[in-house]
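Any value given below was found using the heavy atoms of this structure, including those in side chains, with hydrogens, waters and symmetry copies removed. Start at 1 and go down the list; that is how both ligands and their atoms are numbered.
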Amino acid sequence: MGIHTGTPHLAEEGYVGQDVNKGARIAAAGHGGQVLLSRETRDLAGIDVLDLGEHRLKDFAEPVWIFQLGKERFPPLKTISNTNLPRPASSFVGRDNEIEEVAALLREGARLLTLTGPGGSGKTRLAIETAAALVPEFKAGVFWVGLAPLRDPALVTETIAQTLGAKNGLAEHIGERELLLVLDNLEQVVEAAAALASLAETCPNLKLLVTSRELLRVRGEVEYPVLPLAETEAVELFCARGRTEPDESVHKLCGALDNLPLAVELAAARTGVLSPKQILERLSGRLDLLKGGRDADPRQRTLRATIEWSYELLSSQERQLYARLAVFPGGCTLESAEEVAEADLDTLQSLVDKSLLRYTQQRFWMLETIREYAVERLDESGQSEELRCRHAEHFRALAEEAEPDLLRNRESYLERLEAEHDNLRAALDQLAASGEEQLDLELAAALWQFWYARGHY
Ligand SMILES: Nc1ncnc2c1ncn2[C@@H]1O[C@H](COP(=O)(O)OP(=O)(O)OP(=O)(O)O)[C@@H](O)[C@H]1O
Ligand SMILES: [Mg+2]
């Protein structure tokens, strides 16, 4: 049962209006035997209730605070969700202690906790798994903000505001809410760190869990270095991804790869044609050459060598497509890949099989370290400029196609443009950089409706 207090409107079909809807949505969020109240009702009734925190309800832009009558325990509410954490498609291995430690630091008062480590060490994955475990402890929810495609530090707070649906000032919106924000890949917009530190100072119940290859070096920051997996965990990861049984070669191979999760995944993606022993033979010469370098972190070299090895094993067609897909900073749909990068399904599939490309929620995308290598290959290919122009044109056409529908406020186009936001931004930059001022203005004009509707101003 759900109870809300507000003003209904009487129409021919009966009582209607926002408040009637809200009551219905709150009722629908509960389980059999559970009585839920809105904040308005709780305030009026002045009774002892259990605070279930803020939740997102269908058709309501702002989160709604929900309370429960009585202390009985029920499963989580059937609301849309109070988290947008991505759900990784692959299994998670080990890291029990790390999750405990990171969660404990946040519980014990760390307001800005940075997971540091080189590319591919598992920072993002550890942040996601820890944050997922903390969802019930943050009444206003746990939100993930991916910053990898951003290059302009000024866009960091804007991107957070957009994720939270904050229209009038981020600090005002967060206020005293108990909120956990996971800010992923802050390293290339690290100048935004000072603004984040003051946000945490202004909002007393906000906690920030950041992943970054380097420390932010701001007031109040607590560092948690993400170390390689334990060897048994790396072996388990290799066997899970490569669908194989552990043996001595697998142990040796994982050791040679510094037990670095991404390197282990890339190597495991080759077990279809090579045995672990063969992979070890082919890779170790290359890795040995690198040992003794003076890198700040030798894991960086290990990963680079593994990505290179993986790339060199590709067919020329796969190499070409891999490099071309680097043109999409925000990942892409199958249609965009076909149109901009002349992709074909088989080659896309084999890049996914080799762990160089990911496919989730009907989009193809790359892990950051892997995309960085692809960008280098694209620049080297001499096709970069052409691809960037084609990319810009493709997204300009999409925005133009969406414009008439946006004026009629069609949700489907809004969502489509939202998913392409990083690509649209890159298209704007490209058109400006190549002196296409007219087209750039046209794209901006086609998009203003979208920005307005989604509060990107
Ligand atoms: N404990 C784990 N169990 C299973 N998979 C893992 C684990 N840790 C990391 N991975 C996988 O290894 C890969 C690299 O990890 P992740 O993306 O978290 O690295 P990262 O440190 O965030 O890298 P970057 O600095 O490039 O963002 C991902 O595919 C991730 O899913
Ligand atoms: Mg990451």
Q: Please identify which of these residues, Leu325, Ile370, Thr360, meets the side-chain contact (heavy atoms from CB on, under 4.5 Å) condition with Trp365.
A: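 Result: among Leu325, Ile370, Thr360, Thr360 is the only option passing the side-chain contact (heavy atoms from CB on, under 4.5 Å) with Trp365.
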Q: What I want to know is whether Thr369 and ligand 1 share at least one N or O pair that is separated by under 3.5 angstrom.
A: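 It does: an N or O of Thr369 is found under 3.5 Å from an N or O of ligand 1.
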Q: Taking a cutoff of less than 4.0 Å between a non-hydrogen atom of the residue and any ligand atom, is Arg241 in contact with ligand 1?
A: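 A heavy atom of Arg241 does come that close to ligand 1.
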Q: Could you establish whether Ser91 and ligand 1 come within less than 4.0 Å of each other, counting only heavy atoms on the residue side?
A: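 A heavy atom of Ser91 does come that close to ligand 1.
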Q: Heavy atom of Gly94 under 4.0 Å from ligand 1?
A: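 The answer is no: ligand 1 sits nowhere under 4.0 Å from a heavy atom of Gly94.
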Q: Is there at least one pair of N or O atoms, one from Gly120 and one from ligand 1, spaced under 3.5 Å apart?
A: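 Yes: some nitrogen or oxygen of Gly120 is under 3.5 Å from one in ligand 1.
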Q: Report whether any nitrogen, oxygen or sulfur of Thr124 sits less than 2.8 Å from the Mg ion (ligand 2) (N, O or S, backbone or side chain).
A: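 Yes, since at least one N, O or S atom of Thr124 sits under 2.8 Å from the Mg ion (ligand 2).
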Q: So, Glu372 and Arg304, do they make that salt bridge, N to O below 4.0 Å?
A: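 Salt bridge flag = no for Arg304 with Glu372.
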Q: Using heavy atoms and a threshold below 4.0 Å, how should the contact between Arg371 and ligand 1 be classified: side chain, backbone, both, or neither?
A: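 Looking at Arg371 and ligand 1, no heavy atom falls under 4.0 Å.
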Q: Any N/O of Gly122 closer than 3.5 Å to an N/O of ligand 1?
A: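 So ligand 1 has an N or O lying under 3.5 Å from an N or O of Gly122.
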Q: Taking NZ, NE, NH1 and NH2 as the nitrogens, is one of them in Arg358 or Glu265 under 4.0 Å from a carboxylate oxygen of the other?
A: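 A salt bridge is present here (some side-chain N lies under 4.0 Å from a carboxylate O).
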Q: Just to check, does Asn185 reach to within less than 4.0 Å of ligand 1 when the distance is taken from its heavy atoms?
A: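 It does; at least one heavy atom falls under 4.0 Å.
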Q: Nearest to atom 6 (C) of ligand 1, what protein heavy atom do you find, and at what distance?
A: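 That would be Arg125 CG, 4.0 Å.
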Q: Just heavy atoms, cut-off under 4.0 Å: does Thr211 contact ligand 1 by side chain, backbone, both, or neither?
A: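 No part of Thr211 is near ligand 1 at this cut-off.
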Q: I'd like to check whether Phe92 has a polar contact with ligand 1, where a contact means an N/O of the residue lying under 3.5 Å from an N/O of the ligand.
A: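 Checking ligand 1 against Phe92, no N or O pair falls under 3.5 Å apart.
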Q: Any atom of ligand 1 sitting under 4.0 Å from a heavy atom of Glu129?
A: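 No, that is not the case, since the closest heavy atom of the residue is not under 4.0 Å from the ligand.
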Q: Could you tell me whether Arg390 and Glu342 have a side-chain N and a carboxylate O separated by less than 4.0 Å?
A: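 Result for this pair is yes, salt bridge flagged.
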Q: So which protein heavy atom does atom 13 (C) of ligand 1 come closest to, and at what separation?
A: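 For atom 13 (C) of ligand 1, the nearest protein heavy atom comes out as Glu265 OE1, 3.4 Å.
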Q: Relative to each other, are the rings of Phe328 and His391 parallel, tilted or perpendicular (30° and 60° limits)?
A: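 The rings of Phe328 and His391 stand perpendicular, inter-plane angle above 60°.
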